[in-house]
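Numbers restart at 1 for each chain; the letters A, B, ... are given by sequence-line order, proteins then strands.
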Amino acid sequence: MYLLRILRALALLITLLYLLLSGDVFAQTGTPGHALGTSTPDRSFTPRTTRYELTVRDTIVNYTGKARKAFTVNGQMPMPTLTFTEGDTAEIVVHNAMEKEETSLHWHGLILPYQYDGVPYLTTAPIKAGETQVYKFALLQSGTYWYHSHTKLQEQNGMHGALIIQKRNEDPMPEQVLILSEWTDMKPFEVHRRLHSANDWSAIKKHRIRPGTVQSYSDAIKDGALGVKLTNEWKRMNAMDVSDVYYDLLFANGKPVDEAPQFKAGERVRVRLINGGASSYFWITYAGGKMTVVASDGIDVEPVEVDRFIMGIAETYDIIVTIPADSTAYELLATSEDRVRSTSLWLGNGIKQLAAPLQPLKYFAGMKMMNDMIKMNGDLDDMGMNMSLQQMDMNVVMYPEITGAKASEHADHGDDKYNSNALSNIVTLNYAMLRSPTSTALPPGPVKEMRFELTGNMNRYLWAIDNKTVSETDRILIRKGENVRIILYNNSMMRHPMHLHGHFFRVVNGQGDHAPLKNVLDIMPMETDTIEFAATETGDWFFHCHILYHMMSGMGRVFTYEGTAPNPVLPDAKKAARHFARDDKEWHFMVQNDFATNGNDGEAMYMNKRWNLQSEWRLGYMEDHGQEVETHFGRYFGKMQWLFVNAGLDWRTREAHNGNDPEDNLFGQTNTKNSRSVGHIGFQYTLPMLLVLDLRIDTDGQLRSQLMREDIPLTPRLRLDLMGNSDLEYMGRFRYVLDKSWALSTHYDSDMGLGVGVMVSY
Amino acid sequence: MKGLLSLIALPALLLFSSCSAQLKNVQTTTVRIDGDCPMCEKTIEKGAYVKGEAEADWDVDAKTARITIDSTRTDMDAVLQRIAHAGYDNERYLAPDVAYAALPGCCQYERTFQQKPMTIPGAAADHSGHDHGHDAPATNAPQVTSESLGPVFDAYFALKDALVASDARKAAAQAAEFSAAVKAVPMEGMDADLHTVWMREMELLANTSAGIATKTNLEEQRKAFAELTEPMFALMKARPTATPIYLDHCPMYEGGADWLSRDKAIRNPFYGAQMMSCGSVKETIVK
């Protein structure tokens with residue numbers, strides 16, 4: 001503790017000295033809560049300023065034969081690696097040379113005054129087109145970090161780069177940076193919009209590389225897992241997504257494959273790995289033997305030898321590997337969690353030693369596991385396993401290298417059923433294995449404890465904490481000097497890399513005072529993890545899921561220090577707050593229409609996370625087929641959003657002649673469909689098997705009850721829609737999906753008869 | 001001679017190109033690929049084949065393959081990478097060890113492309129010997145440190161790992177190495193304490209390990225392996241290494257048995273995957 005105090009005093013001294021010399025306006029409050037891997041500073045040390053000039057431009061790139069927009073900094077994508085030495089002052093001048101778009105840069109994992117944290121409208125002013133902003137702060141830490149845009153979805157298209165801070169007093173060893181990222185030809189805006197309309201084109205694309213990804217009925221029958229698929233739909237789940245987005249390419253330092261031939265046999269190399277992806281987890285394996293993990297999120301851990309580890313989005317790991325033999329290059333392989341694609345870095349020069357590729361996932365084994373874990377109300381049930389810290393990985397049932405090639409091979413191992421390291425010879429890193437070399441015990445102080453339940457659903461892509469998004473909650477007040485403890489429970493079906501800005505938290509993992517420090521915590525479904533940090537700063541700090549599309553959907557919270565003075569860089573606090581909250585309030589538009597031989601049939605939706613304005617139409621070409629438009633507006637309820645309460649208008653007309661007389665409905669009410677213009681109120685509710693029950697009453701007192709199931713995946717591309725209602729109307733449609741926008745269809749409709757057509761969707 | 005060869009090769013090439021009529025923009029190369037038997041031929045050719053893109057014809061005697069590709073759709077590198085993933089080393093790629101190990105016994109060819117691994121100095125990070133030298137420069141006799149017992153320790157852990165993996169063949173091979181390592185330890189310069197321990201345990205270690213090397217039955221190997229724990233523990237206690245060593249205890253095997261490990265995580269050599277994490281750390285040997 002005494003040493004720690006000296007270290008802190010020294011850090012403070014450096015900071016003060018720097019402030020004195022630079023005459024900076026902002027008081028630097030960023031004193032590390034812990035000795036953040038700080039080596040003892042040199043007493044003769046005088047601060048040095050390292051300056052970078054960064055120019056952000058938008059540009060056109062072409063990776064797959066298609067020209068696409070992307071962002072570059074100083075002409076590079078990913079952005080250039082910024083290198084500093086601990087104790088330096090960083091001075092980074094950012095020019096926004098774009099014509100219209102604003103931007104921002106966030107220094108991920110750095111301890112700095114919050115005004116420099118780079119979250120636009122929350123801590124920092126956005127950098128408008130044509131503007132220049134200067135970031136200037138002291139570097140109180142060392143290690144592997146990164147920086148990225150925090151504006152909209154810019155991070156996906158190139159705005160991510162490595163930021164390395166070398167230790168002051170350490171002999172350098174051979175080292176190599178590896179920043180991982182993804183590329184999609186689809187515009188990120190489009191990716192985001194489609195995620196919100198439960199479009200599974202991504203899965204179909206993946207299916208072409210890894211058959212089985214769509215998890216259609218035909219796939220289930222092939223795998224002898226029809227019962228599993230039926231149970232899954234009974235529990236109202238769509239196909240399981242291991243990751244949401246299809247990527248055309250994965251990148252190692254911006255290239256499909258990168259090479260580092262400078263290393264010689266016998267050398268030990270420190271590889272600084274950064275997951276700069278927007279939504280992909282990466283498995284890391286190495287062809288030249290074991291890897292020794294020596295740091296995580298920039299902070300040293302006691303060396304631990306592993307065969308592989310998974311990198312959550314935004315996590316960094318430092319590993320030490322050896323180059324075993326001469327004239328050989330060894331593959332450091334990064335495979336996306338869905339195992340659809342991989343990228344590599346070759347270490348050494350010569351014949352290439354491959355690492356073993358990761359075999360395809362056993363999707364139905366995973367689906368069976370999910371079925372066992374999910375309750376009818378959508379809650380997860382860990383069946384008393386007290387899961388935490390990645391130790392029990394439910395996904396092992398899908399990994400052939402751990403649980404055998406076939407689904408049936410996974411025998412019951414009792415308590416070890418999901419313990420990867422107990423089931424096989426392969427050592428997989430988990431958080432319980434990380435140990436800090438120094439004590440990270442928090443200083444004494446009052447404890448503020450809170451519980452966060454991570455919630456969400458795939459169908460409408462709502463991601464939240466306690467079913468509330470950033471814009472739906474107030475900022476959480478914390479007080480300088482207290483210790484903040486957060487108990488996280490993941491009650492959603494996806495894993496989430498939760499990131500805290502401007503602080504390192506201890507991951508309470510059974511290592512006592514030596515709990516490791518991190519700033520990103522990957523939490524798997526059903527896990528409960530505890531993190532805690534000393535509140536040593538001031539200002540506003542974002543805590544959010546680092547899956548870009550989850551963050552933009554509102555999965556996060558803001559911590560605000562009590563008594564923080566008004567932020568000088570955001571003078572209009574109210575306006576800024578409104579702007580900041582805008583991200584997860586976004587409205588998305590989707591529309592589809594079936595141009596068929598017997599009429600036009602389609603729907604349009606304009607929706608946000610809770611509300612939906614929906615319109616459906618059936619427009620026959622023949623007068624006696626009639627024309628019909630229904631429009632309603634309503635709100636979704638519950639975290640699974642199975643209930644949709646709405647009100648709207650119905651309008652229909654049809655030429656009256658033989659056979660088009662007023663009809664009785666199932667409730668014995670008589671109505672004419674020849675001319676009707678009424679209002680209605682009602683609700684939709686998603687039943688088991690994903691059947692949507694639609695009950696409504698209109699202003700004429702007519703009742704209508706309708707059952708509908710859309711998008712039954714018979715095969716990966718062949719889909720079936722079914723509908724029937726109490727007005728004795730029914731419809732059945734087969735669709736064959738051609739691509740993300742086009743499908744062929746044939747349908748039979750009680751009003752319009754048989755038709756074939758072409759369906760377009762946006 | 002060269003002229004003659006090309007005279008033979010040219011019509012062969014023409015014949016071949018006409019055979020693979022489905023490939024367009026044909027580019028053909030002959031590449032050396034390691035392998036042993038007709039079964040290898042099948043695996044290599046299947047690994048290379050992609051309809052309309054690439055095919056290979058491997059010759060078991062020459063150990064070369066003629067690879068034909070549609071150069072607009074793929075490249076040689078991709079084909080060679082696939083062949084290596086199927087388990088076969090070639091000019092550009094070495095197969096993943098797992099893929100090689102999965103080949104049937106008759107296909108376990110000699111890996112001539114592989115370079116000999118360097119022994120990495122200081123990898124075990126034990127510099128105690130050097131420090132000693134500084135403190136007592138007058139003593140010229142070589143000190144036996146854990147470094148010179150290092151090969152014995154390494155061989156023990158390799159044998160243990162083979163048993164964890166339930167690989168009887170590998171265990172026999174590692175036991176033979178272990179036995180050789182024991183015999184190779186120089187006794188000159190051992191200090192008195194270590195010398196006593198070494199004299200007491202050496203014979204048991206050499207004999208037991210030699211015994212394991214002759215056995216092919218995993219159960220017998222494991223039973224004999226349990227006998228190595230006590231003497232190894234005594235040696236490791238006498239010469240602890242820089243990295244900790246764990247004495248693990250399995251309460252189930254033969255009414256309770258111990259083994260030694262460098263990993264803190266339990267990986268049971270008596271049961272392997274059947275009960276991988278059965279056991280607990282009983283003692284930690286640290287320097």
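- Neither the backbone nor the side chain of A:Ile320 comes within less than 4.5 Å of any heavy atom of chain B.
- Environment of NZ in A:Lys290: crowded, with over 12 heavy atoms of neighbouring residues, nucleotides or ligands closer than 6.0 Å.
- Between A:Tyr286 and A:Tyr330, the ring-plane angle classifies as tilted under the 30° and 60° cut-offs.
- The greatest number of non-hydrogen atom pairs below 4.5 Å with chain A, out of B:Arg262, B:Lys116, B:Gln114, B:Arg92, is found for B:Arg92.
- By the 30° and 60° cut-offs, the orientation of the rings of B:Phe225 relative to B:Tyr156 is parallel.
- No side-chain donor-acceptor contact under 3.5 Å links B:Asp258 and B:Thr229.
- Residue contact with chain A, scored on non-hydrogen atoms closer than 4.5 Å, is absent for B:Ala265.
- At a 4.5 Å heavy-atom cutoff, the contact between B:Val98 and chain A is made by side-chain atoms alone.
- B:Asp97 touches chain A through backbone and side chain together, each having a heavy atom under 4.5 Å away.
- Heavy-atom neighbours of B:Arg111 CZ from other residues, nucleotides or ligands within 6.0 Å: above the threshold of 12.
- Classification of B:Asp248 and B:Lys160 as a salt-bridged pair fails, no side-chain N sitting under 4.0 Å from a carboxylate O.
- For chain B, the nearby parts of A:Ala356 are the backbone and the side chain; heavy atoms of each come within less than 4.5 Å.
- Using a 4.5 Å cut-off between heavy atoms, B:Ala95 touches chain A through its backbone atoms (N, CA, C, O) alone.
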